[in-house]
Trainee: 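Okay, handing you the structure first.
In what follows, chains carry the letters A, B, and so on, assigned in the order in which the sequence lines appear, proteins first and then strands, with residues in each chain numbered from 1.
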Amino acid sequence: MALQYLENGEILENEVVGPDTWRMAIRAPKITDAAQPGQFVMVAVGHESSDPLLRRPLSIHRAENDVLTLLYRIVGKGTKLMSHMKRGEDISLLGPLGKGFQLHATEHHCLVGGGLGVAPLLFLAKEIKRRLPDEKMTILLGGRNSKELLVLADFQHVAPVLVATDDGSQGLHGLITALLDQEISGPATIYTCGPSPMMKGVASLARHRNWPCQVSLETMMACGMGACLGCTVQRAGIDETEKKYVHVCKDGPVFEAGEIWL
Amino acid sequence: MALQYLENGEILENEVVGPDTWRMAIRAPKITDAAQPGQFVMVAVGHESSDPLLRRPLSIHRAENDVLTLLYRIVGKGTKLMSHMKRGEDISLLGPLGKGFQLHATEHHCLVGGGLGVAPLLFLAKEIKRRLPDEKMTILLGGRNSKELLVLADFQHVAPVLVATDDGSQGLHGLITALLDQEISGPATIYTCGPSPMMKGVASLARHRNWPCQVSLETMMACGMGACLGCTVQRAGIDETEKKYVHVCKDGPVFEAGEIWL
Amino acid sequence: MAVDTSVNIGDLNLANPIMTASGTFGYGEEFTPFVNLSSLGAIVVKGISLNPRPGNPPPRVVETASGMLNAIGLQNVGVDRFITEKMTMIRTLGAKVVVNILGDSLDDYRELAARLDDVDGIAAIEVNISCPNVKKGGVAFGTDPLMAAKVADVVVRQSSRPVIIKLSPNVTDITVIARAVEEAGVTAISLINTLMGMAIDIRTARPKLANIIGGLSGPAIKPVALRMVYQVASVVKIPVIGIGGITTLDDVIEFMMAGATAVQIGTANFVNPAVSGELVVGFKKYLEDSGRSTATELIGCVLR
Amino acid sequence: MAVDTSVNIGDLNLANPIMTASGTFGYGEEFTPFVNLSSLGAIVVKGISLNPRPGNPPPRVVETASGMLNAIGLQNVGVDRFITEKMTMIRTLGAKVVVNILGDSLDDYRELAARLDDVDGIAAIEVNISCPNVKKGGVAFGTDPLMAAKVADVVVRQSSRPVIIKLSPNVTDITVIARAVEEAGVTAISLINTLMGMAIDIRTARPKLANIIGGLSGPAIKPVALRMVYQVASVVKIPVIGIGGITTLDDVIEFMMAGATAVQIGTANFVNPAVSGELVVGFKKYLEDSGRSTATELIGCVLR
Ligand SMILES: Cc1cc2nc3c(=O)[nH]c(=O)nc-3n(C[C@H](O)[C@H](O)[C@H](O)COP(=O)(O)OP(=O)(O)OC[C@H]3O[C@@H](n4cnc5c(N)ncnc54)[C@H](O)[C@@H]3O)c2cc1C
Ligand SMILES: Cc1cc2nc3c(=O)[nH]c(=O)nc-3n(C[C@H](O)[C@H](O)[C@H](O)COP(=O)(O)OP(=O)(O)OC[C@H]3O[C@@H](n4cnc5c(N)ncnc54)[C@H](O)[C@@H]3O)c2cc1C
Ligand SMILES: Cc1cc2nc3c(=O)[nH]c(=O)nc-3n(C[C@H](O)[C@H](O)[C@H](O)COP(=O)(O)O)c2cc1C
Ligand SMILES: Cc1cc2nc3c(=O)[nH]c(=O)nc-3n(C[C@H](O)[C@H](O)[C@H](O)COP(=O)(O)O)c2cc1C
Ligand code: FES
Ligand code: FES
């Protein structure tokens with residue numbers, strides 16, 4: 001079994017980086033050291049209260065020098081509580097969890113992220129650059145508007161970035177799938193994370209173009225470690241055994257697009 | 001009906017003043033203005049979480065210049081959460097609640113407080129001094145040891161203070177009832193708040209000496225405003241109607257000692 | 001856009017679906033500093049019995065995770081003083097008032113219903129059947145479909161007003177009880193009353209409540225309440241009133257979508273005494289914002 | 001002072017009363033980074049049926065106030081692969097293992113019990129009777145005393161090992177079911193399984209769980225679980241195993257004082273995967289600090 005830790009990290013930074021979007025940096029040497037791009041952590045948000053009860057899954061945004069970074073959007077109680085946490089406080093993390101992105105040599109690494117889906121892609125981009133420094137990489141980012149293009153500069157430090165916005169306030173006026181369609185030609189490997197309609201679009205284009213495509217999924221999770229069987233998505237193809245479903249926390253969150261029902 | 005408010009106060013100070021004991025000052029003009037000694041407030045400790053669920057009853061320790069002060073001990077989840085609140089944050093208060101101390105002219109006002117029971121007595125002492133400046137007042141405070149004699153200096157500013165400690169580290173080595181028995185002679189009115197065995201002792205001595213005696217009680221409370229009927233204590237004497245019990249939040253928290261079963 | 005927030009419980013028209021739950025709102029009076037009572041759909045007053053009851057010894061309440069246990073023991077002034085003293089005050093409140101009744105026997109219920117039927121200023125009767133039937137060895141009326149139907153029947157016969165029957169959740173199949181009381185002719189069903197629960201003080205090794213067992217209420221029970229409202233609304237034709245842990249506007253909408261025509265706010269009144277009034281305002285705004293023109297559109301939309 | 005933390009479930013001696021609950025601890029393996037499994041009283045593995053089951057479509061879990069709803073749908077590999085694949089791994093864990101079984105019919109239960117009786121490395125069988133009886137129109141076995149007793153009877157007859165029967169809390173009178181299965185000869189009773197609950201997504205007006213209704217677990221249900229353990233322990237002579245919202249050491253002590261001989265930790269494992277091991281350590285310390293020399297002194301001390 002892969003190494004997993006329950007680690008109390010010290011919050012080094014917790015700040016706003018976009019609309020309702022925060023970034024938290026945590027000193028957590030054990031998890032940071034073991035982390036692979038595409039993996040996630042389960043974060044305890046509730047202190048001694050039983051409401052909220054469960055940990056919250058968040059992708060590993062960066063993992064460098066003993067410091068794990070999370071990028072999160074306030075959507076409910078748990079993420080709101082996280083945004084109230086202060087530098088110096090402890091936070092309990094469980095991780096690294098799940099199966100991340102698979103890195104293979106390819107002519108062209110294309111990272112396609114929408115909205116908060118950019119969270120795991122920065123770690124991935126940095127790893128590609130570190131481990132496969134000579135290979136071509138392009139990063140495509142989408143958002144509703146220019147403000148929703150999160151941590152853009154961080155990506156630009158790693159590789160060339162192309163952007164699309166729904167309102168045209170920056171980059172291509174339109175969907176990120178259109179950007180992908182226009183800008184990328186020839187063989188490539190796609191890594192994508194974002195809202196589910198976006199990933200569907202990206203996966204279908206990839207199938208069309210014969211690009212291998214890895215998608216990073218989200219589902220509701222109770223445990224994050226394969227114990228509750230709560231985090232299912234359906235496998236592509238019909239099967240009436242217990243193998244009909246895969247578990248996002250253990251078999252994923254990253255899957256080959258063809259493997260599952262998107 | 002007496003004036004009651006639901007008021008969001010601003011925390012001006014929240015600091016340790018003794019073993020596990022904190023003092024919180026809150027700008028809350030409406031409640032402060034309406035407050036009488038012996039009354040209490042119901043404090044929301046849970047923010048948007050439903051655990052802890054209920055407000056916590058705390059006596060009004062001071063009420064001056066728009067500022068309400070609470071003195072509280074960390075005994076569980078709710079008070080612990082209170083101690084984490086920071087200056088500048090808001091806190092929701094419901095109050096002032098209940099029937100406080102009755103001030104009548106008397107030869108000698110004796111305030112007898114043990115442990116956290118001193119909380120409502122400071123406000124009372126100040127009111128006696130303000131409204132009945134010519135009458136004699138003595139304050140008797142007890143605690144396990146000198147550290148548990150809380151906010152002693154604040155009392156000493158108002159009137160002469162006598163102390164007793166269980167371990168003899170300050171004042172009389174022994175119970176506060178012994179101190180009361182030794183030091184107070186002649187007619188007096190007793191106001192007491194503290195652990196239940198202490199109040200029993202004080203009330204029994206008062207009965208013996210024919211002193212009017214007001215006691216301030218604590219029970220579990222859900223609403224603090226007479227709606228849940230949860231906060232009962234038994235009335236002295238037997239009665240099989242609904243009048244068998246009184247409600248601490250509405251009929252009290254201050255009672256004539258003879259009125260209830262202590 | 002003008003929206004219609006009103007709902008009907010039989011012939012009883014409520015300005016909006018927000019009611020307060022029995023035993024959590026006193027006789028209304030206590031809340032006048034915080035809520036404009038006439039803005040509410042209705043208030044339900046503390047349960048009334050034939051004779052005054054002292055209630056249980058303390059401790060009567062204890063907090064649990066996202067909930068509380070109570071064993072008040074149905075303390076009340078009895079129907080005589082309720083009529084002479086409380087109703088006089090209640091009529092001045094400007095609220096629609098539902099009177100909650102409870103008994104030890106069928107005769108109790110019959111007499112209570114008869115006595116209250118002559119009293120002015122009552123909009124409806126709500127019958128609490130979670131109480132023990134003393135003749136049947138203390139088994140709660142509400143746990144047996146036959147007994148529940150009998151109580152419903154005697155009250156309906158004595159009342160010229162709408163009769164709401166309030167179900168106990170401590171049963172194997174709530175739909176059986178619901179169908180039985182519907183057959184008996186009640187106007188509406190309200191649910192749920194509290195779940196039976198317990199807590200122990202480990203320092204003293206004694207139950208935290210003097211009565212040992214108490215009723216669990218608050219957000220903790222909401223999923224159970226919502227499930228039962230959904231189940232009951234699926235099988236009866238009469239209006240269902242949802243109760244159990246309702247605290248936020250989202251909770252109100254959930255219960256209505258599950259099939260509730262109205263809702264009652266209970267424990268939440270203790271946490272925020274202004275909550276019922278806030279929900280009335282919030283509900284109207286929700287309808288406006290969501291582009292629905294009537295409250296009734298919401299009712300049971302999950303069922304369809 | 002040397003303390004004896006052990007307890008007995010019939011002939012089965014547990015080093016301490018801390019077990020893990022079925023469906024919340026996988027097959028144990030997932031927790032090896034966080035807990036020394038051999039330090040636990042026992043682990044109970046995910047429920048096993050005769051044939052593999054895919055389980056329900058997603059979403060399968062949703063959080064509620066101090067609790068969660070699940071509708072996993074009893075996904076499992078089936079008894080054959082359980083025996084050949086899982087048991088091989090489980091035997092290496094060094095833990096005392098209780099196997100939880102579930103069926104659609106009496107025959108299922110009989111066959112499961114028979115198949116497992118030959119398998120090495122199983123300390124006891126726990127029978128989940130909260131499942132629907134397909135022959136009886138889907139009414140859960142655990143809601144009817146006769147059906148519950150029949151299941152208990154067939155499993156007891158096929159098993160040479162201790163048989164624990166796990167009760168559903170969704171019943172009017174838990175003591176009736178408990179007495180019925182005691183009569184049928186089970187070694188112990190565990191309770192409670194989850195309460196039936198529901199949640200609605202108001203944006204979509206659809207239930208949050210694909211299965212509509214799910215099982216409520218976690219701290220929210222603790223008061224109900226504790227009450228039922230207390231009630232059952234008051235009427236049966238066999239050991240009772242307490243389950244429901246147990247998270248802290250205080251919770252463990254409460255359940256034991258209410259009459260539980262051992263406890264199972266469920267949802268809390270998701271919040272803190274190390275919790276079961278921490279409770280083993282904490283329990284020993286509690287006994288030492290409280291001056292009790294044996295765990296058994298605690299059992300049912302509220303009842304006395
Ligand atoms: C593997 C994984 C990685 C994730 N990475 C990130 C990340 O890097 N940054 C980020 O901001 N978010 C991420 N998410 C989503 C994040 O977990 C949820 O937004 C968060 O749990 C919401 O918690 P809350 O208490 O604020 O909201 P809640 O009050 O619990 O819910 C608010 C809304 O969010 C939805 N929601 C809650 N939990 C989840 C969940 N687990 N998955 C999807 N939707 C959910 C609810 O259905 C509800 O509509 C990830 C989810 C998964 C499964
Ligand atoms: C009218 C009134 C005035 C009070 N004034 C003060 C005050 O000025 N300063 C102060 O420190 N405390 C005061 N108390 C007690 C205070 O309300 C409790 O200590 C507090 O509610 C505990 O909350 P918690 O969440 O920290 O503890 P919990 O986790 O709720 O409980 C911890 C322990 O405290 C006990 N407890 C909880 N609530 C109460 C209660 N309402 N009354 C008595 N015991 C309780 C519990 O039984 C438990 O043993 C007062 C109580 C009342 C009724
Ligand atoms: C302190 C208290 C007293 C109650 N008294 C009554 C009562 O007299 N009659 C009744 O029918 N229900 C009574 N109830 C039950 C509530 O009306 C309601 O059904 C239950 O609390 C669930 O709703 P909630 O979770 O919103 O509180 C009482 C509840 C509480 C908490
Ligand atoms: C995700 C999940 C899956 C469960 N699966 C099973 C199961 O397969 N068999 C069973 O008997 N109980 C199952 N249960 C019930 C638990 O074993 C336990 O009885 C219940 O959750 C109450 O305990 P808790 O509040 O500590 O979680 C499951 C519970 C959860 C939360
Ligand atoms: S979240 Fe529990 S198995 Fe995946
Ligand atoms: S605390 Fe509710 S009536 Fe006193």
Side-chain angles (χ1 to χ4, degrees), chain A residues 1-8 30-31 34 42-57 76-78 92-97 217-235 238-250 260-261, chain D residues 20 23-35 46-47 49 51-78 81-82 208-210 214 217-220 222 245 247-248 266-275 278:
Chain A
M1 179 161 317
L3 287 176
Q4 288 175 356
Y5 305 96
L6 197 53
E7 191 170 18
N8 264 328
K30 287 190 242 164
I31 297 178
M42 293 290 283
V43 181
V45 294
H47 274 297
E48 282 157 83
S49 169
S50 63
D51 177 45
L53 180 68
L54 300 168
R55 288 169 182 264
R56 300 302 195 247
K77 249 185 214 178
S92 165
L93 304 175
L94 171 66
L97 299 166
L217 301 188
E218 293 188 4
T219 53
M220 298 299 292
M221 290 187 173
C223 73
M225 50 186 279
C228 74
L229 308 185
C231 59
T232 31
V233 293
Q234 199 178 326
R235 210 187 274 276
I238 304 295
D239 182 343
E240 276 310 315
T241 71
E242 95 294 347
K243 290 189 173 153
K244 181 173 177 185
Y245 298 108
V246 288
H247 295 280
V248 173
C249 76
K250 222 179 159 173
I260 35 105
W261 270 95
Chain D
T20 58
T24 67
F25 210 67
Y27 295 109
E29 195 180 20
E30 293 82 0
F31 288 82
T32 51
F34 312 108
V35 183
K46 176 77 192 156
S49 55
N51 299 311
R53 294 189 184 213
N56 290 327
R60 290 181 172 188
V61 293
V62 56
E63 189 176 282
T64 65
S66 295
M68 62 175 279
L69 289 166
N70 88 77
I72 305 301
L74 303 166
Q75 176 186 342
N76 78 94
V77 297
R81 279 182 48 211
F82 174 74
K208 285 192 179 169
L209 296 173
S217 65
K222 197 191 92 177
T247 309
T248 66
T267 302
N269 292 306
F270 303 155
V271 180
N272 173 9
V275 68
E278 291 170 7

Trainee: Which one, D:Ala268, D:Ser66, D:Ala71, D:Gly23, leads in non-hydrogen pairs under 4.5 Å with chain A?
Mentor: D:Ser66
Trainee: Does D:Gln75 reach the side chain of A:His247, with side-chain heavy atoms less than 4.5 Å apart?
Mentor: yes
Trainee: Check D:Gly55 against A:Tyr245 and note the closest heavy-atom contact, atom names and distance.
Mentor: O-CE1, 3.6 Å
Trainee: Do you know which two heavy atoms are closest between A:Tyr5 and D:Phe34, and how far apart they sit?
Mentor: C-CE2, 3.7 Å
Trainee: What part of A:Arg56 lies closer than 4.5 angstrom to a heavy atom of chain D: side chain, backbone, both or neither?
Mentor: side chain
Trainee: Check whether any side-chain N or O of D:Glu63 sits under 3.5 Å from a backbone N or O of A:Leu54 as a donor-acceptor pair, and report yes or no.
Mentor: yes
Trainee: Is D:Lys46 close to chain A through its backbone or its side chain, or both, or neither, when contacts mean heavy atoms under 4.5 Å?
Mentor: side chain
Trainee: Below 4.5 Å from any heavy atom of chain A, which atoms of D:Thr267 appear? Answer side chain, backbone, both or neither.
Mentor: side chain
Trainee: Hey, could you give me the OG1/CD distance between D:Thr32 and A:Gln4, rounded to the nearest 0.5 Å?
Mentor: 8.5 Å
Trainee: What is the minimum heavy-atom distance between A:Ala227 and D:Phe270, and which atoms define it?
Mentor: CB-CE2, 4.3 Å
Trainee: Could you pull out the closest heavy-atom pair between D:Arg60 and A:Gly230, with the gap in Å?
Mentor: CB-O, 3.5 Å
Trainee: Between A:Leu94, A:Leu53, A:Asp51, which has the largest tally of heavy atom pairs under 4.5 Å with chain D?
Mentor: A:Leu53
Trainee: Would you mind checking which part of A:Ala44 comes under 4.5 Å of any heavy atom in chain D, side chain (CB onward), backbone (N, CA, C, O), both or neither?
Mentor: neither
Trainee: Non-hydrogen atoms of chain D under 4.5 Å away: do they reach the side chain of A:Thr219, the backbone, both or neither?
Mentor: neither
Trainee: Can you tell which of D:Asn56, D:Thr64, D:Asn269, D:Asn51 has the highest number of heavy-atom pairs within less than 4.5 Å of chain A?
Mentor: D:Asn56
Trainee: Return the minimal non-hydrogen interatomic distance between D:Asn272 and A:Leu6, and the atom names on each side.
Mentor: OD1-CD2, 3.3 Å
Trainee: Need one label for A:Met42: side chain, backbone, both or neither, based on atoms under 4.5 Å from any heavy atom in chain D.
Mentor: neither
Trainee: Would you say the side chain of A:Lys250 lies within less than 4.5 Å of the side chain of D:Glu30, judging by non-hydrogen atoms?
Mentor: yes
